[in-house]
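Since the structure comes first, as structure tokens, the remarks are kept for the end.
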Amino acid sequence: KKTRRKYQDRSYMPAAGSQLFKEMEKFKNTIKDNKLATQMKVQQFMWHENNCADPVAVFSTSRKPDRFYSANFHPFVWIPTRQFPNLVCLQEMKCVRKDCSCAQGKLKLDKYIWRPMFYFDRIIWVLHHSILCGACNRRFPSIHPHFLAQLPTKVVERFPFVAPMRGPGVHQMMIFQSVNLLTKQIGFGTYASCINEMHRIRHSQDMVSYYDCLFDKMEGEESLQATSGVYPPFSSFHDPGGYSGIKLTTNLWKKK
């Protein structure tokens with residue numbers, strides 16, 4: 001049974017146990033380790049490379065599409081309390097819930113969580129905190145629009161994405177570009193289709209590269225039929241256990 005993605009319930013996340021999920025967990029555990037995080041200079045750097053080997057270069061040792069999936073993992077770390085310790089004090093901030101009348105000093109950092117962001121032909125995975133309010137005992141993400149609004153301007157401007165209350169967000173440059181295109185009679189629907197097409201092209205390119213590598217490895221073997229069960233097929237675009245692609249919808253775009 002195929003898994004359908006629903007933007008309202010976080011099922012856009014890769015499936016537990018998938019290659020992308022493993023890469024994300026590995027990176028998150030590195031950030032949680034203060035010593036390793038310091039070595040990565042997480043206090044100064046937000047954009048990070050995934051450090052995955054090129055899937056074609058190392059295909060002879062894997063012969064699986066997993067490395068093609070993990071190569072599309074592009075992390076961004078947003079921890080303003082660590083990256084801007086002299087400018088951001090959590091104890092001076094308030095809960096984002098309208099019905100919560102908590103005073104300052106009631107918030108505390110909870111667990112690390114992920115949120116996908118569209119960045120033209122890529123998905124950037126933003127690692128950030130869930131924040132717990134000690135007054136109403138509810139949680140909200142540190143990229144919540146109402147929480148970001150409490151940060152100093154020069155800090156919040158370092159966060160280059162526009163995130164809705166929930167679900168995937170988009171890079172600011174995509175917002176600026178789409179608004180400019182509106183003046184040329186190119187609407188949100190057309191723009192979203194172009195973005196989705198770029199993502200589909202990347203998926204197709206990776207799939208062709210995988211099968212090209214697979215064909216080269218199969219040459220000389222007894223028969224294609226004898227080895228057909230040995231090598232797994234490349235996943236579909238939306239498969240959360242494989243490629244884990246995400247579609248930009250018109251409704252999602254308009255609520256930014």
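The shown structure was predicted, so the numbers you read here are calculated from the model rather than taken from an experiment. We count residues from 1, following the sequence as given.
Inter-residue side-chain proximity for I131 and L90 is flagged as met; some heavy-atom pair is nearer than 4.5 Å. For the pair D206 and N72, the minimum side-chain heavy-atom distance is below 4.5 Å. Inter-residue side-chain proximity for W125 and P14 is flagged as met; some heavy-atom pair is nearer than 4.5 Å. With a 4.5 Å cut-off on side-chain heavy atoms, M165 and H144 count as touching. Two residues are said to be in side-chain contact when any heavy atoms from C-beta on lie closer than 4.5 Å; T81 and M93 fail this criterion. Annotation: side chain of P141 is in contact with side chain of R115 (closest heavy-atom distance under 4.5 Å). S209 has its side chain out of reach of P55: every pair of non-hydrogen atoms, C-beta onward, lies at least 4.5 Å apart. Between L132 and L107, the closest side-chain pair of non-hydrogen atoms is not below 4.5 Å.
Ring geometry for W114 against F27 counts as tilted: the plane angle lies between 30° and 60°, on a 0 to 90° scale. Using the six-membered ring where Trp is involved, H203 and F237 have ring planes that are perpendicular, over 60° apart on the 30 and 60° scheme. Using a 30° and 60° split on the angle between ring planes, F147 and F140 fall in the tilted class, from 30° to 60°.
Taking every heavy atom of both residues into account, R82 and V42 meet most closely at NH2-CG1, 3.5 Å. In plain terms, the two heavy atoms of G167 and Y12 that are nearest each other are CA-CE2, 3.7 Å. When every heavy atom of A135 is checked against every heavy atom of K106, the shortest pair comes out as N-CB, 4.3 Å. The heavy-atom pair separating V162 from P164 by the smallest distance is O-CD, 4.0 Å. L87 and P152 get closest at one heavy-atom pair: O-CG, 3.5 Å. Counting all heavy atoms, side chain and backbone alike, C52 lies closest to A71 at CB-CA, 4.5 Å.
Environment of CD in E92: sparse, with no more than 12 heavy atoms of neighbouring residues, nucleotides or ligands closer than 6.0 Å. Other residues, nucleotides and ligands place more than 12 heavy atoms under 6.0 Å from the NZ atom of K28. The environment of CD in Q39 is crowded: more than 12 heavy-atom neighbours from other residues, nucleotides or ligands sit within 6.0 Å. Residue R138 qualifies as enclosed at atom CZ: its count of foreign heavy atoms under 6.0 Å is above 12.
For F234 and Y69, the distance between ring centers is under 6.0 angstrom. Within the 6.0 Å centre-distance limit, the rings of H129 and Y112 are counted as a close aromatic pair. Between F161 and F76, the ring center distance clears the sub-6.0 Å criterion. Here Y210 and F59 bring their ring centres to under 6.0 angstrom of each other.
Side chains of Y191 and Q177: a donor on one and an acceptor on the other come within 3.5 Å.
Here the straight-line distance linking atom OG of S244 with atom CE of M13 works out to 8.5 Å at 0.5 Å rounding. Note that NZ of K217 is 8.5 Å distant from OH of Y231, once rounded to the nearest 0.5 Å. Atom-to-atom distance recorded for R202:CZ and M207:CE is 14.5 Å, nearest 0.5 angstrom. Distance CZ/R122 to CE/M198: 12.0 Å, rounded to 0.5 Å. Remark: K94 NZ to Q150 CD distance equals 8.0 Å, nearest 0.5 Å. The distance from the CG atom of L127 to the CD1 atom of I79 is 6.0 Å, given to the nearest 0.5 Å.
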Candidate pair H128 and I113, rule side chain to side chain contact (heavy atoms under 4.5 Å, CB included), full reasoning: CA-CA 6 Å; H128 57 289; I113 54 179; 3.4 Å; yes

Side chain to side chain contact (heavy atoms under 4.5 Å, CB included) for F84 and L151? Distances and angles first, verdict last. CA-CA 10 Å; F84 310 97; L151 297 175; over 6 Å; no

Test side chain to side chain contact (heavy atoms under 4.5 Å, CB included) on H171 and I124; report intermediate values, then the result. CA-CA 9 Å; H171 194 278; I124 305 299; over 6 Å; no

L20 vs Y243, side chain to side chain contact (heavy atoms under 4.5 Å, CB included): CA-CA, chis, key distance, verdict: CA-CA 8 Å; L20 180 56; Y243 192 83; over 6 Å; no

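Residues V208 and Y211 are members of separate hydrophobic clusters, defined by side-chain heavy-atom contacts under 4.5 angstrom among Ile, Leu, Val, Met, Phe, Trp and Tyr. Hydrophobic clustering (ILVMFWY, side-chain heavy atoms < 4.5 Å, transitive): M117 and M173 are in one cluster. With hydrophobic clusters built from ILVMFWY side chains whose heavy atoms lie under 4.5 angstrom apart, F118 shares a cluster with F120. I246 and F21 are assigned to two separate hydrophobic clusters, defined by single-linkage of ILVMFWY side chains at heavy-atom distances under 4.5 Å. Cluster annotation: F45 is not connected to Y119 through the hydrophobic network of ILVMFWY side chains, with a link wherever side-chain heavy atoms come within less than 4.5 Å.
A salt bridge is absent between E25 and K22: the closest approach of a Lys/Arg side-chain nitrogen to an acidic carboxylate oxygen does not fall below 4.0 angstrom.
One N or O on the side chain of T30 and one on the backbone of K26 form a donor-acceptor pair closer than 3.5 Å. Between the N196 side chain and the A192 main chain, a donor and an acceptor come within less than 3.5 Å of each other.
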